[in-house]
Protein chains: 2
Amino acid sequence: MDRELLKGSTPLLLLSLLCEAPMYGYQIIETVRQRTGGTYTLKEGALYPALHKLEATEFIASYWETQENGRERRYYAIQPAGEAFLAAKKKEWDQFVDMVQAFVGPKA
Amino acid sequence: MDRELLKGSTPLLLLSLLCEAPMYGYQIIETVRQRTGGTYTLKEGALYPALHKLEATEFIASYWETQENGRERRYYAIQPAGEAFLAAKKKEWDQFVDMVQAFVGPKA
DNA sequence: TGACGGACCTCGCTTTGCGATGCACATTTA
DNA sequence: TAAATGTGCATCGCAAAGCGAGGTCCGTCA
C-alpha cells in the first residue's frame, strides 16, 4: 500500500476505531493489522504522534489502566468534540472519494 | 478539502486525465477546477513537480506545441508504461478506499 | 539466564502539497 | 497608449505526516 495515500486518513481511522470503544496503542495496531488481513500495518512512528496530537486538541482523552499482572496500558477514548470532528472528516472523506472517482472512474 | 488527503492521489489524477487526451499544465488545472465545481484547485506548486517526476520515470512524455498566435504550450501525453502504472495505481486506490471504508463505514 | 513479546515512545529522513514569487507575452480595457 | 488581466511556464522554502530505526521497561517461559 502506497504510504502517500494514507496521509491524512490516519486521524479518520483512529477516531472511527475509538468511536467503537476505548483502545490502547498496541491494540490499535493489532486491530488494524488483523482487520485488513495484514495489508495495512499502522506504524508506531505514525500512530503515537497522531494520537498525541488528537489528545492535544481534545478530540480524544487518555488514561492509564493497570492490568492484573501489574503492567500499565494507556487507553484512548473519544470525546464529544472528537465525535463532531469525526463526522466532519467523514463527510470530507466521502467528498474526496467522489472527487477522485470522477476522474479515475468508479470502482471496477 | 484537507490537503493531506490529496497526497499520493495526484499521480493517479494526472494519469487518469492524460489517459483521455494529451493536455498542457494550465489546461489540467482548469479542467480539474471545472470538473470539481471549484472544490479542488490543483496548485502549480503541486502540479509541475508531479508532472516532471512522471516524465522522469517515463510514464508520460512532453512536447512543445506552438499556437497560432505564436505562443507555446507544453503538452503531456501518457506512455504505455504510464498506462500500466495507472492500472496498478487504480487497483491500489480501490483497495485503499475499501480499507478505509471498512473502518469508517460505507458512504452514508 | 536469556529470548521473546507486550507496551510505550522519540528522532531524523523523505515525500508531497502549498503559498509565494517570478518571468514572458497576448489580449482587453481605461 | 498605458495599465490590468489572463495565459502559461516554472522554482523555492515551508509544513505536515508517514516511515524506519532505535530505545526503554517489564513479564513470561524455556
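Chain naming here is simple, since letters A, B, ... match the order of the sequence lines and numbering starts at 1 in each. Computation of the quantities below employed the complete heavy-atom set of this structure, encompassing side-chain atoms and omitting hydrogens, waters and symmetry-equivalent molecules.
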Classify the side chain of A/Glu44 versus the base of D/dC19 as yes if they form a donor-acceptor pair under 3.5 Å and no if they do not.
-> no
Parallel, tilted or perpendicular: ring planes of B/His52 versus B/Tyr76, cut at 30 and 60 degrees | tilted
Rounded distance (Å) that lies between atom C1' of C/dC25 and atom CD of B/Glu68 | 17 Å
Please check if any side-chain donor atom of A/Arg74 sits under 3.5 Å from a side-chain acceptor atom of A/Ser62, or the reverse.
-> yes
Can you tell me if the side-chain N/O atoms of A/His52 get under 4.0 Å from OP1 or OP2 in C/dT10?
-> yes
Indicate whether OP1 or OP2 belonging to D/dG18 is found under 4.0 Å from a side-chain N or O atom of A/Thr10.
-> yes
Atom-pair distance (CD on B/Glu65; C1' on D/dC9), nearest Å | 16 Å
Which is true for B/Gly45 with a 4.0 Å heavy-atom rule: it touches a base, it touches only sugar-phosphate, or it touches nothing?
-> base
Regarding the side chain of A/Ala46, the nearest nucleotide among D/dG18, C/dC18, C/dG6 is D/dG18
Under the 3.5 Å rule, do the base of D/dA17 and the side chain of B/Glu4 count as making a donor-acceptor pair?
-> no
To the nearest Å, how far apart are B/Ile28 CD1 and D/dA10 P?
-> 11 Å
Please work out if B/Glu30 contacts a base, only the sugar-phosphate, or nothing of the nucleic acid, heavy-atom cut-off 4.0 Å.
-> nothing
Would you kindly give the CD-to-P distance between B/Glu72 and C/dA26, to the nearest whole Å?
-> 11 Å
Whole-Å distance, A/Arg33 CZ to C/dA7 P, equals 13 Å
The nucleotide from D/dC9, D/dG27, C/dA7 with an atom nearest the side chain of B/Tyr48 is D/dC9
Atom CG of B/Leu12 and atom C1' of C/dT16: how far apart are they, to the nearest Å?
-> 15 Å
Does D/dT7 have OP1 or OP2 sitting under 4.0 Å from an N or O in the side chain of B/Gln27?
-> no
Sugar-phosphate, base or nothing in reach of A/Tyr76, heavy atoms under 4.0 Å | sugar-phosphate
Ignoring backbone atoms, test whether B/Gln67 places a side-chain nitrogen or oxygen under 4.0 Å from the OP1 or OP2 oxygen of D/dG8.
-> yes
Hey, what's the ring geometry for B/Tyr24 with B/Tyr75, parallel, tilted or perpendicular (30° and 60° as the breaks)?
-> perpendicular
Heavy-atom side-chain proximity of A/Arg33 to A/Leu42 below 4.5 angstrom | no
Kindly say if B/Tyr24 contacts the phosphate of D/dG8, meaning a side-chain N or O under 4.0 Å from OP1 or OP2.
-> yes
Answer with yes or no whether A/Arg73 presents, from its side chain, a donor or acceptor under 3.5 Å of a partner atom in the base of C/dG6.
-> no
If only side-chain N and O atoms of A/Arg74 are considered, is one of them under 4.0 Å from the OP1 or OP2 phosphate oxygen of C/dC9?
-> yes
side-chain contact (heavy atoms from CB on, under 4.5 Å) assessment of B/Leu86 paired with B/Phe59 = CA-CA 9 Å; B/Leu86 172 58; B/Phe59 290 148; over 6 Å; no
Would you kindly check whether a donor in the side chain of B/Lys7 faces an acceptor in the base of C/dT15, or vice versa, at under 3.5 angstrom?
-> no
Which nucleotide, C/dG6, C/dA24, C/dT10, lies nearest any side-chain atom of B/Arg71?
-> C/dA24
Which part of the nucleic acid, if any, lies within reach of B/Gly70 when heavy atoms closer than 4.0 Å are counted: base, sugar-phosphate only, or nothing?
-> nothing
To the nearest Å, how far apart are A/Ile29 CD1 and D/dG20 P?
-> 13 Å
Over how many whole Å does the gap from B/Leu54 atom CG to D/dA10 atom C1' extend?
-> 17 Å
Ring centroid separation for A/Trp93 and B/Phe96, is it under 6.0 angstrom?
-> yes
